[in-house]
Amino acid sequence: MADQGKLRLGVNIDHVATVRNARGGTTPDPLRAAQIAQDAGADGITAHLREDRRHISDADIEGLMDILTVPLNFEMAATEEMQKIALRHKPHAVCIVPEKREERTTEGGLEVAREENRLAHFIAPLREAGSRVSIFIAAEQRQIEAAHRIGAQVVELHSGAYCDAYHEARFDEADLELAKLREMATFGHSLGLEMHVGHGLTYDTVSPVAAFPEVTELNIGHFLIGEAIFIGLEPAMREMRRLMDQARGI
Ligand SMILES: CC(=O)[C@@H](O)[C@H](O)COP(=O)(O)O
Ligand SMILES: NCC(=O)COP(=O)(O)O
């Protein structure tokens with residue numbers, strides 16, 4: 001099981017499947033990436049089964065459930081189809097994320113405040129099945145309060161706005177987005193929620209987020225898989241782990 005003391009690194013393997021699906025074949029195999037990440041010390045594996053299956057497939061999820069000895073964080077939209085799949089597999093964790101077919105990547109967070117009643121009923125069976133329920137939201141107080149009210153155990157703050165601003169040299173905006181993440185990590189923790197952060201994190205943006213004392217898990221994928229093309233997944237993870245530990249003074 002993952003070490004509960006340190007800041008956990010969840011490795012998202014979605015974009016290994018993106019490369020595989022580019023040719024419609026079987027390689028590179030996301031399960032091989034998951035095994036390498038697990039052997040390299042990943043505290044968890046994250047995989048997003050999108051409605052359009054643009055990257056992770058149903059078979060990938062089946063395979064991950066068979067091979068993983070670290071927790072699987074199953075990302076999914078709040079649909080009946082995905083609920084059935086999650087209840088069949090009963091992964092360690094489910095993370096409810098917004099999805100639009102036309103989007104290139106996950107834009108924004110789940111609008112929990114707009115559909116509290118539906119989402120409360122949607123996540124109840126998932127919790128009862130033993131999966132830890134996380135909600136992927138923007139760093140907004142009203143979304144965190146709504147996530148808490150519907151019974152989510154975890155909130156994952158969307159760090160895309162911070163990371164995009166940083167990498168587009170909009171540094172004042174990046175500072176503002178980082179301040180929002182910091183403030184909402186503290187606020188969510190004060191409600192008793194477990195606080196995670198993910199989306200767009202890179203070597204350049206991870207350290208200030210890793211330094212947030214209330215955050216217990218970072219989910220990182222696209223950047224790590226990109227780095228793996230050049231230096232391999234294990235070395236890429238090792239550097240990310242070094243930066244995370246350095247940020248925590250370890
Ligand atoms: C929810 C999240 O931020 C990531 O898991 C992201 O979904 C990666 O997949 P996409 O790039 O397809 O959105
Ligand atoms: N929930 C965020 C995640 O799993 C990874 O996001 P990214 O690093 O692929 O952008």
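Both counts, for ligands and for their atoms, begin at 1 and track the order of listing.
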Whether His158 lies under 4.0 Å from ligand 2, heavy atom: no
At under 4.0 Å between heavy atoms, is it the side chain or the backbone of Phe223 that contacts ligand 2, or both, or neither? neither
With Ile45, the side chain to side chain contact (heavy atoms under 4.5 Å, CB included) member among Leu68, Asn219, Asn73: Leu68
Regarding atom 3 (C) of ligand 2: of the candidates Leu218, Leu224, Asn12, which has the closest heavy atom? Asn12
Short N or O distance, Gly200 and ligand 2, threshold 3.5 Å exclusive: yes
Among His15, His55, His48, which residue places a heavy atom closest to atom 12 (O) of ligand 1? His55
What atoms of ligand 1 come within less than 4.0 Å of a heavy atom belonging to Arg50? 10 (P), 12 (O), 13 (O)
Per-residue contact class, Glu75 against ligand 2 - non-hydrogen pairs under 4.0 Å: side chain
Hey, which atoms in ligand 2 end up nearer than 4.0 Å to a heavy atom of His222? 7 (P), 8 (O), 9 (O)
Verdict with reasoning, Phe136 to His158, per ring pair (Phe, Tyr, Trp, His ring centres under 6.0 Å): CA-CA 7 Å; Phe136 188 73; His158 193 321; 4.7 Å; yes
among protein heavy atoms, the one nearest atom 2 (C) of ligand 2 is Glu156 OE2, 3.2 Å
If the threshold is 4.0 Å, N to carboxylate O, is there a salt bridge linking Lys100 and Glu102? no
Say you draw a straight line from CG of Leu218 to NE2 of His196; how long is it, rounded to the nearest 0.5 Å? 9.0 Å
Identity and separation of the nearest protein heavy atom to atom 11 (O) of ligand 1: Thr105 OG1, 2.7 Å
When distances are taken from atom 6 (O) of ligand 2, the protein heavy atom at minimum range is His199 CA, 3.5 Å
Counting from 1, what ligand 2 atoms have a heavy atom of Ile220 closer than 4.0 Å? 8 (O)
Got the closest protein heavy atom to atom 13 (O) of ligand 1, with its distance? Thr106 OG1, 2.7 Å
Mark up the atoms of ligand 2 that fall under 4.0 Å of a heavy atom belonging to Thr46, in ascending order. 4 (O)
Atoms of ligand 1 less than 4.0 Å from Val97 heavy atoms? 1 (C)
Give the atom numbers and elements of ligand 2 that come within less than 4.0 Å of a heavy atom of Phe136. 1 (N)
Taking Arg88 for its side chain and Gln83 for its backbone only, find out whether a donor-acceptor pair lies under 3.5 Å. no
Look at ligand 1 and say whether Glu103 reaches it with a heavy atom at a distance under 4.0 Å. no
His89, NE2 atom: more than 12 neighbouring heavy atoms under 6.0 Å: yes
Look at atom CZ of Arg54 and say whether more than 12 heavy atoms of other residues, nucleotides or ligands are closer to it than 6.0 Å. yes
Identify the protein heavy atom lying closest to atom 4 (C) of ligand 1, giving its residue, its atom name and the separation to 0.1 Å. Glu75 OE1, 3.5 Å
Closest contact, heavy atoms only, Leu201 versus Met240: O-CE, 4.4 Å
Looking at atom 8 (O) of ligand 2, what's its closest protein heavy atom, distance included? Gly221 N, 2.7 Å
Would you say Thr202's side chain and Thr205's backbone share a donor-acceptor pair under 3.5 angstrom? yes
Decide, yes or no, whether a salt bridge links Lys180 with Glu183 under the criterion of side-chain N to carboxylate O below 4.0 Å. no
Within 4.0 Å of some non-hydrogen atom of Asn12, the atoms of ligand 1 are 4 (C), 5 (O)
Going by distance only, is there an N or O of Gly198 that falls short of 3.5 Å from an N or O of ligand 2? no
Ignoring hydrogens, just give me the one of Ile13, Thr46, Asp14 whose non-hydrogen atom is nearest atom 8 (C) of ligand 1. Asp14
